[in-house]
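See below for the structure under consideration.
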Amino acid sequence: MATIKKKTGYFLEDFRPGQVFRHKGGKTLNEGLFNAFTDFSMTTNPLHKNAEYARFFGYKGLLAPPGLVMNIVFSQTVSDISENARANLEYINMRFGEPVYIGDTLEAETTILGIKSSSSKNDRGVVHVASVGRNQDGKVVIAFERKVQVWKNDVNAAVAEGELEGGVQVECTPVIPPYESIKEPAAKAYLSNNDTYFEDFRPGDVYEHSRGRLVTDEHIALTGQLDNTSQVHCNQFLIDQNPGKYIGGKLIVYGGVPFNLCLGISCPDVADNSPADVIYTSGKHVGPVFAGDTVFAATEIRDAREYPGRADLGLLVTTLRGHKFRAPKQDESGPQKADIFYLERELAVRRRSHYAS
Amino acid sequence: MATIKKKTGYFLEDFRPGQVFRHKGGKTLNEGLFNAFTDFSMTTNPLHKNAEYARFFGYKGLLAPPGLVMNIVFSQTVSDISENARANLEYINMRFGEPVYIGDTLEAETTILGIKSSSSKNDRGVVHVASVGRNQDGKVVIAFERKVQVWKNDVNAAVAEGELEGGVQVECTPVIPPYESIKEPAAKAYLSNNDTYFEDFRPGDVYEHSRGRLVTDEHIALTGQLDNTSQVHCNQFLIDQNPGKYIGGKLIVYGGVPFNLCLGISCPDVADNSPADVIYTSGKHVGPVFAGDTVFAATEIRDAREYPGRADLGLLVTTLRGHKFRAPKQDESGPQKADIFYLERELAVRRRSHYAS
Amino acid sequence: MATIKKKTGYFLEDFRPGQVFRHKGGKTLNEGLFNAFTDFSMTTNPLHKNAEYARFFGYKGLLAPPGLVMNIVFSQTVSDISENARANLEYINMRFGEPVYIGDTLEAETTILGIKSSSSKNDRGVVHVASVGRNQDGKVVIAFERKVQVWKNDVNAAVAEGELEGGVQVECTPVIPPYESIKEPAAKAYLSNNDTYFEDFRPGDVYEHSRGRLVTDEHIALTGQLDNTSQVHCNQFLIDQNPGKYIGGKLIVYGGVPFNLCLGISCPDVADNSPADVIYTSGKHVGPVFAGDTVFAATEIRDAREYPGRADLGLLVTTLRGHKFRAPKQDESGPQKADIFYLERELAVRRRSHYAS
């Protein structure tokens with residue numbers, strides 16, 4: 001007879017370079033989850049809203065937006081990789097592959113690429129991982145690396161510092177239905193914005209997206225629906241017992257929520273005619289979000305390139321930044337803009353020459 | 001290189017009589033949206049809850065309630081017509097047509113019927129529009145007019161005042177499966193209230209519906225799920241910067257939410273045996289709703305008529321009124337009843353003689 | 001011409017032993033409701049999340065968790081049986097039968113087993129009922145008894161005290177796909193926890209489940225989505241008019257919400273490899289839950305038995321307890337643990353010998 005309180009997740013000293021985790025659960029994307037996240041994001045791209053439109057462009061049905069694909073796969077990695085994390089430091093080379101549809105079941109797998117103890121604090125260190133999400137046919141839907149700062153369970157435990165030689169190489173490029181398969185490519189152009197074709201973008205321009213969205217305590221249910229098990233998003237009592245330990249002394253909004261929301265807020269200006277996000281070379285949560293914050297975003301156009309092998313598309317190289325306004329400090333006159341999110345984002349965009357003439 | 005902040009939506013001076021908008025997006029009704037709205041409304045009509053029941057009565061599956069059909073189509077018109085509106089003044093002759101099912105994709109189109117500058121204020125005017133929603137087969141599911149007070153972007157701009165001659169004529173009548181197609185019409189009568197058949201209603205009676213429902217900040221997500229893009233429902237920062245400009249100084253609940261809720265609250269008393277709402281000749285939001293308000297409703301029976309061509313049904317002519325209670329002012333002794341919604345509503349109701357004997 | 005305010009539901013004096021209610025509405029389980037409840041519960045059992053996994057184990061698709069089945073059927077009984085209840089006293093012999101899938105339509109029926117006036121208060125009494133939920137094929141998915149304390153409408157009315165001789169006998173045992181039908185039973189073992197097989201449990205052990213979950217005012221929408229019509233969960237104005245009459249003077253969370261949540265919180269420790277809950281011999285809400293409470297749970301293993309006719313499974317006999325922490329009273333030093341839920345729960349659990357070797 002015993003009282004058992006299981007530790008959940010792994011700690012810094014539990015990881016080894018080259019270690020592979022096949023994550024638990026798996027997740028079938030149903031219409032409830034799709035509805036909650038697609039629409040929470042304020043995305044305006046009809047591929048995520050209008051099944052007739054999606055089929056017209058060669059997809060099997062409503063297309064899951066990239067923020068939802070990321071959230072489903074990322075969340076499956078949390079209980080093994082980051083349930084005991086202090087902070088998620090960086091997303092690296094997040095790439096999208098096979099389209100994800102309602103009814104698809106996604107599973108996730110993570111390889112430990114590197115482990116490094118903190119040089120200044122003996123209770124933590126950084127784990128560098130590569131994760132991949134696959135659908136029920138084994139096709140890759142997303143692949144990404146991330147660096148996460150993880151607590152040690154025992155500060156005296158040895159840490160298996162090191163790096164996996166060669167890393168992990170996974171092929172992952174957006175599967176976009178061929179232009180030739182689309183009959184009358186301009187016939188549905190009235191359903192999306194007419195000023196967001198590839199020809200409309202100029203490097204150096206910055207779009208300050210006009211819409212903002214209040215995040216309420218709905219973030220708890222959204223996070224739960226993703227099976228993200230981290231307690232700092234939903235266990236109020238835990239926070240209240242020791243508020244000083246937690247950022248802001250409050251439940252913190254899971255990063256995937258503003259990640260998804262910033263993508264959506266940017267949509268009417270940059271992604272309304274985008275068939276796919278291609279790669280996020282680097283992404284960071286540069287400030288916390290709490291219930292009560294209104295989230296805004298801006299996109300800087302950094303480059304506009306040919307899309308390899310597709311004359312009908314271009315590749316837009318952007319930086320997406322999210323911000324909120326924090327309460328003023330004593331000597332400040334009003335709410336201050338505070339950055340919350342940074343994402344180097346490349347996306348495929350249709351050319352007007354092919355889709356709106 | 002430029003900083004771009006797009007204006008979204010049109011202003012009073014942008015409209016012309018006869019102008020036609022094919023609205024962006026379109027919307028596929030999925031089970032997530034259906035669940036959120038059908039059940040939010042507190043409707044008790046089994047056509048919206050029990051697929052076996054709906055098929056028994058000749059429908060292809062669960063039937064979308066009228067408040068949901070209205071909300072999906074109306075919301076698509078917002079970004080073009082009323083993103084820059086000060087107030088939605090009136091719904092006129094809102095009529096229902098083809099049944100709407102889960103999986104249907106609805107698109108919306110609006111014609112400008114008339115434009116009139118305000119005689120007293122030079123920064124605004126009234127736009128009178130006709131909107132129609134169609135499903136993926138091009139069949140009309142809803143048609144309605146509305147009058148909306150819209151801001152000018154430039155107070156000095158010329159306004160194209162005038163009216164479209166002849167208006168817009170759209171055929172739109174409920175498609176109700178024929179009585180003859182229903183085997184044993186009384187076999188499922190136990191699933192709905194037995195005192196809401198056509199024979200039970202007397203002109204002059206007023207039903208004070210017994211249930212009320214608190215509206216929480218869930219209204220933000222509900223509105224987002226409809227793709228309603230108006231910022232006064234979800235951008236807290238915008239409101240906080242200038243509360244005096246906004247009604248109540250708070251995020252206002254999108255009118256479609258109490259519209260849908262009042263219909264649902266009335267259901268156990270008047271619509272539990274109704275196969276369809278037919279027409280709302282006039283509707284108005286006569287007072288604002290905010291998070292924290294509890295919504296109630298009452299229905300006045302104004303007339304009970306033959307239903308053209310259907311001996312098994314009657315036509316109930318009603319007025320549906322919604323109310324809440326506002327905090328008392330200095331010299332008032334307690335919360336005061338405040339009207340929020342007014343709807344002249346005609347609905348088809350089954351006759352007991354045909355369905356419960 | 002009259003003003004009509006209908007009484008909803010029945011009062012103590014309206015019930016008769018042997019009376020049978022076929023409840024109104026019925027409910028088709030759609031993906032929106034499934035998503036909201038499955039994930040709200042924090043369950044980790046892949047049968048409820050991963051359709052490929054569920055099919056692998058012989059189910060037709062995603063399996064509804066027991067807390068959701070209970071909630072759908074229970075809620076249908078509320079408007080007839082407990083809309084005018086003061087308290088739900090006890091669940092008795094709640095048993096599970098046929099698996100419930102998305103798309104199934106459940107209807108509910110209740111028989112009055114016994115009625116007893118309160119000996120000390122003349123305005124109330126206890127009704128003992130047996131309810132059964134069936135799917136569209138007439139197969140029993142759940143059967144249970146409960147005792148509920150119900151108000152009288154007229155304190156002077158006669159009460160039909162008595163008991164139904166013989167009670168109600170309904171066959172209801174979990175339908176679990178046969179072991180022989182599963183190819184490579186260990187092939188999907190990586191998707192569930194590896195320390196929750198039958199061999200891992202020892203009578204006397206107590207698991208203090210590590211996760212907790214804040215309940216927000218989302219409970220109102222969750223309850224509405226179940227068609228639970230009781231006003232004490234959603235009518236804030238009703239409470240505010242007479243707070244002293246209601247427990248805590250606040251909207252109380254519908255018991256099915258913590259019921260479902262406690263089951264889910266326990267899942268990673270005891271039910272991750274469970275194909276079915278078998279019976280809840282007794283269950284009680286021993287304390288109220290309000291928005292703002294963080295819910296926790298613990299499971300005591302009381303016995304571990306053979307599962308009749310199944311060598312691949314065992315029967316785990318447990319007690320599941322839910323708790324929260326209430327604010328301290330004057331002489332208390334901090335938040336105090338407060339029990340909220342008690343459930344004697346027997347569940348089928350896979351044996352490692354058959355599923356993970």
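Each chain gets a letter, A, B and so on, in the order its sequence line appears, and its residues count up from 1.
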Item to check | Neighbours of chain B found in residues 294-305 of chain A - heavy atoms under 4.5 Å | outcome: A:Thr294, A:Phe296

Item to check | Taking every non-hydrogen atom, the tightest pair across B:Gly25 and A:Pro46 | outcome: O-CB, 3.7 Å

Item to check | A:Tyr53, part contacting chain B, at a heavy-atom distance under 4.5 Å | outcome: neither

Checklist entry - More than 12 foreign heavy atoms under 6.0 Å from OH of B:Tyr10: is that the case here? => result no

Checklist entry - Yes or no on side-chain contact (heavy atoms from CB on, under 4.5 Å) for A:Asn193 and B:Lys24, after CA distance, side-chain angles and deciding distance? => result CA-CA 7 Å; A:Asn193 284 336; B:Lys24 299 196 189 79; 2.9 Å; yes

Item to check | Residue pairs fulfilling salt bridge (Lys or Arg N to Asp or Glu O under 4.0 Å) with at least one residue in residues 252-272 of chain A, sequence neighbours excluded | outcome: A:Asp269-B:Lys6

Item to check | When B:Gln225, B:Gln236, B:Gln136, B:Lys5 are compared by non-hydrogen pairs under 4.5 Å with chain A, the top option | outcome: B:Gln225

Item to check | Toward chain A: residues of residues 70-87 of chain B with heavy atoms under 4.5 Å | outcome: B:Ser79, B:Glu83

Checklist entry - Using non-hydrogen atoms only, which part of B:Leu251 is less than 4.5 Å away from chain A: side chain, backbone, both, or neither? => result side chain

Next on the checklist: Using heavy-atom distances under 4.5 Å, tell me whether A:Asn45 contacts chain B through its side chain, its backbone, both, or neither.
Outcome noted: neither

Item to check | Under 4.5 Å from any heavy atom of chain A - which part of B:Glu31 | outcome: both

Next on the checklist: Can you tell me which portion of A:Pro268 sits under 4.5 Å from chain B's heavy atoms? Options are side chain, backbone, both or neither.
Outcome noted: backbone

Checklist entry - Which bit of A:Asp293 comes within less than 4.5 Å of chain B, counting heavy atoms only: side chain, backbone, both or neither? => result neither

Item to check | Top of A:Gly334, A:Ser192, A:Gly204, A:Gly292 for chain B proximity - count of heavy-atom pairs under 4.5 angstrom | outcome: A:Gly204

Checklist outcome for this item: Checked A:Pro203, A:Ala36, A:Ala51, A:Ser41 vs chain B; the most non-hydrogen pairs under 4.5 Å come from A:Ala51

Item to check | Over all atoms of both residues, closest heavy-atom pair of A:Glu52 and B:Thr28 | outcome: N-OG1, 4.5 Å

Item to check | Engaged part of A:Ser210 at the chain B interface, taking heavy atoms whose separation is under 4.5 Å | outcome: both

Checklist entry - How about A:Tyr190 and B:Glu109: does a side-chain donor come under 3.5 Å of a side-chain acceptor? => result no

Checklist entry - What part of B:His233 is in contact with chain A, defined as an atom under 4.5 angstrom from a non-hydrogen atom: side chain, backbone, both or neither? => result neither

Checklist entry - Does the side-chain contact (heavy atoms from CB on, under 4.5 Å) test come out yes or no for B:Thr105 and A:Lys49, once each step is laid out? => result CA-CA 9 Å; B:Thr105 299; A:Lys49 298 180 170 290; over 6 Å; no

Next on the checklist: Walk me through whether B:Arg22 and A:Leu191 qualify under side-chain contact (heavy atoms from CB on, under 4.5 Å).
Outcome noted: CA-CA 8 Å; B:Arg22 298 177 79 181; A:Leu191 288 167; over 6 Å; no

Item to check | Proximal component of A:Lys188, with respect to chain B [non-hydrogen, under 4.5 Å] | outcome: side chain

Checklist entry - Just how far is it from atom CG of A:Asn35 to atom CG of B:Asn35, taken to the nearest 0.5 Å? => result 9.0 Å

Next on the checklist: Are more than 12 heavy atoms, taken from residues, nucleotides or ligands other than A:Glu184, located less than 6.0 Å from that residue's CD atom?
Outcome noted: no

Item to check | Approximate separation, where rounding is to 0.5 Å, of A:His323 NE2 and B:Phe237 CZ | outcome: 7.5 Å

Next on the checklist: With side-chain contact (heavy atoms from CB on, under 4.5 Å) as the criterion, how do A:Glu208 and B:Thr3 come out once you've worked through the C-alpha distance, each side chain's angles and the decisive distance to 0.1 Å?
Outcome noted: CA-CA 7 Å; A:Glu208 293 183 355; B:Thr3 297; 3.5 Å; yes

Checklist entry - Which residues from residues 211-224 of chain A are near chain B, with near meaning under 4.5 Å between non-hydrogen atoms? => result A:Arg211, A:Gly212, A:Arg213, A:Leu214, A:Thr216, A:Asp217, A:Glu218

